[in-house]
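In what follows, residues are counted from 1 in the order of the sequence shown. Computed from heavy atoms alone, side chains included, the values below leave out hydrogens, waters and symmetry copies. Atoms within a ligand are numbered from 1 in the order they appear, just like the ligands themselves.
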Amino acid sequence: MAHGHLHVEPVTDGDDEIAAALEDVSVPALTAVLVGLTGDPAPVRGPIRPRQWVHNEFQGALTEDEKALLRRDALAVIRSWRDAGCPPAKELDPALVHEIMNWIACEPVPDDYVAMYRDEMDLEGRNPRAIRLPDPEQVPLDPGFGVLVIGCGESGLLAGIRLKEAGIPFTILEKNADVGGTWYENRYPGARVDVASHYYNYSFGPNDSFSEYYARQPELYRYFRARFDEHGIGAHVRWRCEVERAVWDDDGARWQVTYRTADGTTHTASASALISGVGLLSRPLIPDIPGLADFAGPAFHSAQWDERVDLGGRRVALIGAGASGFQLGPAVVDEVERLTVFQRTPQWMAPNPRYHDQIRPGERWAMRHLPGYGRWYRFMLMWQSSDRLLELVRVDPEWPDFPRTANAFSATRREAFVRWIDEQVGDDPDLARKVTPDYPPMAKRMLQDNGSWLRCLRRPHVDLVNDQILRVEPDAIVTTAGRHEVDVIVMATGFRASEVLWPMEIVGRGGVSLTDVWQGRPAGYLNITVPDFPNLFILGGPATSLAHAGSVIFLTECQMRYVGDALALLAGGRRSIEPTPTAYARYAEDLQAEIGTLMWGHPSIEHSWYKAADGRVYVLCPWRLVDYWAMTARLKPEDHTVS
Ligand code: N01
């Protein structure tokens, strides 16, 4: 597989072009690259050191003079490296890699994080998350062994790539006509990722294709399509096949899967193991508003964007101001006659000037040509966000401002975010009040923002309505405070996130259905496996959404690593593997106890897709990334029953 991501395209540019490119790059990441090119640690042992980590700055607060000096040294090294024919980077001693991490982070990086980052960055090109099957000379692959994967979005494709690389026979059943899942379906105007592009991609393979720091949907779709093509997954996929039911046959130790094809006919397939890659955010939530079905004009969900509907000159209602609505409004505001935004709860926005920016050309050049640049850039992205932001939502029971803010950190962020709102709409107190949340930052999904949302809401032909919707009439939406005539309704109302695997019916040993086992409280050992459902592996299922900044792809890669260990046992001739009931129950209990320490499920948060019908949270990962990485790094035999 193309995991040799340090095998970059050789540099053929002239000195001036290289010098110009270096003006655009992160100097700390560039300096780490130099150490890799020469093997000489001097650049990270000299007097110039990043001194402070500033969010979204990537320069470690180096002065202009310091950056110029480091760039000058870098140019000399890159020139010689180019003239020598761009030989492979040196393999650095782990202690030196740790030293570079400390240098970039401006603080000691703990050993457990170093282990996680080394696995994630794979500077040595060892592909550490590949499935390791037993030596075929000693343990030949069981000839009947094969895997069915449901879905060809990010996680299903990841499974396919790993299975293919290991030589395990597999088939992917995908309900859509193409790869990409979320990034195939969500084609509403303005759709883009709000996790940094260079983090929101697989840890293996190139990440130099993005043109924006937060890529738009077409580019993300193309990213997944490129991985799909390059790994030759196409021959393994059946398109437009929607899985309806999967039943475990204990005698044959196989999953019997029923699926429907585009012509409406039903078919069956069977496999030794079943991997679900359907994700949590794939089934649109259509709000239960009286009269909606009788609306005379077009009415559709953001994830089912109707390209035939021209919004030009029409009065458009946008129901929902979450991540989707927040992107959609500003993207259509110029074409509509009137935009009425129905917002039930305001969202916190984190100022991010890069949110809509093009990646600077020199930085793209560095991603493509400098070995390890993209890896070190990713390290910076991960270090400055993710785990440290989890502390934002940790409940401090002694905190006097609770539950308006969760703790002291939360209060400082609230202050900064309120300032951001005031800077933009402080002169319109009514609007400022409507868009200022009364719950702590990050207790619901945070949004990245460069000002486009509030600019949109200030436009003269835009109304923000926060009164409760009572009903829809054929030509209007009626709220407790008035009637709003509209021609089109767009529902950016989110997904049925807590109904994990819905509407599929999964039946395990003894005819027990997963719906009955879960009873609205989805769970999994390590969020992946369930007792009495042998050889079933759920990727991106319970507790696998990330609400504290970070890439869900990191989580699914961790999961696939654990699944790979289990598949290696099955491929070697074992019939089945499942977690013990004790391990499953203990994990679910620990997870709920941890979630209980965080704001997400607090009763003061009235509406949130994080919450299930019982008001509790089953879909979010409450662990630090480093902890989940460690939990999934090695399958623990003592927690499983293997037959
Ligand atoms: O869905 P949401 P989304 N009446 O559930 C409102 C990812 N994502 O599609 O807040 C009136 O967040 C609801 O109101 P409230 C990301 O993980 C990422 O926007 O519940 N309103 C809310 O305003 C994200 O979190 C990206 O009170 C109703 C909105 O509809 C997740 O997907 C982009 C209602 C739904 O917001 C889901 O985001 C898009 C009703 N009956 C999505 N029911 C990026 O990476 C719901 N609402 C940028």
Any side-chain heavy atom of [X] within less than 4.5 Å of one from [Y]?
X: L157; Y: H231; answer: no
X: S197; Y: E212; answer: no
X: R616; Y: I595; answer: no
X: F295; Y: V488; answer: no
X: N176; Y: D178; answer: no
X: V626; Y: M116; answer: yes

Nearest neighbour in protein (non-hydrogen) for [atom]:
atom: atom 27 (O) of ligand 1; answer: T345 OG1, 2.4 Å
atom: atom 1 (O) of ligand 1; answer: G494 CA, 3.1 Å
atom: atom 6 (C) of ligand 1; answer: G320 CA, 3.7 Å
atom: atom 29 (C) of ligand 1; answer: A492 O, 3.2 Å
atom: atom 5 (O) of ligand 1; answer: W609 CD1, 3.1 Å
atom: atom 26 (C) of ligand 1; answer: A323 CB, 3.8 Å
atom: atom 19 (O) of ligand 1; answer: S324 N, 2.7 Å
atom: atom 36 (O) of ligand 1; answer: G322 CA, 3.6 Å

Checklist entry - Knowing that exactly one of N207, V193, V195 qualifies, which makes a side-chain contact (heavy atoms from CB on, under 4.5 Å) with N201? => result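 Going through the options one by one, the only one that passes is N207.
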Item to check | Parallel, tilted or perpendicular: ring planes of Y562 versus F537, cut at 30 and 60 degrees | outcome: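 Perpendicular: the ring planes of Y562 and F537 meet at over 60°.
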Checklist entry - Atoms of ligand 1 less than 4.0 Å from R192 heavy atoms? => result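 Counting atoms of ligand 1 from 1, those under 4.0 Å from R192 are 44 (C), 45 (O), 48 (C).
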Item to check | Residue R445 vicinity, atoms of ligand 1 by number, heavy atom under 4.0 Å | outcome: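 It comes down to these atoms of ligand 1: 16 (C), 17 (O), 18 (C), 25 (O).
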Item to check | Residue part near ligand 1, for E606, under 4.0 Å between non-hydrogen atoms | outcome: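 Contact part for E606 vs ligand 1: neither.
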Checklist entry - Which part of Y188 is near ligand 1, with near meaning a heavy atom under 4.0 Å away: side chain, backbone, both or neither? => result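 Side chain only.
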Item to check | From S276 atom OG to L173 atom CG, the distance as rounded to the nearest 0.5 Å | outcome: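 Those atoms lie 11.5 Å apart.
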I'd like to check whether [X] has a polar contact with ligand 1, where a contact means an N/O of the residue lying under 3.5 Å from an N/O of the ligand.
X: L281; result: no
X: Q327; result: no
X: G325; result: no
X: S302; result: no

Checklist entry - How far apart are the C-alpha atoms of S203 and E120, what are their side-chain angles, what is the distance that settles it, and do they pass the side-chain hydrogen bond (donor to acceptor under 3.5 Å, both in side chains) test? => result CA-CA 6 Å; S203 65; E120 172 79 5; 4.7 Å; no
Next on the checklist: If we only consider heavy atoms of F326, is any one of them less than 4.0 Å away from an atom in ligand 1?
Outcome noted: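 Flag not set, F326 not near ligand 1.
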Checklist entry - Would K444 count as a contact of ligand 1 if the rule is a heavy atom under 4.0 Å away? => result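 Yes, K444 has a heavy atom closer than 4.0 Å to ligand 1.
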Checklist entry - Just by modelled atom types, is the A543 backbone N or O under 3.5 Å from a matching donor or acceptor in the N527 side chain? => result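 Such a contact is found between N527 side chain and A543 backbone.
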Next on the checklist: So does F58 get a backbone contact from the side chain of Y377, meaning a donor-acceptor N/O pair under 3.5 Å?
Outcome noted: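 No; zero donor-acceptor contacts below 3.5 Å.
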Item to check | Option of least heavy-atom distance to atom 28 (C) of ligand 1 (set: Q347, R344, Q343, H301) | outcome: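 Among Q347, R344, Q343, H301, the closest heavy atom to atom 28 (C) of ligand 1 comes from R344.
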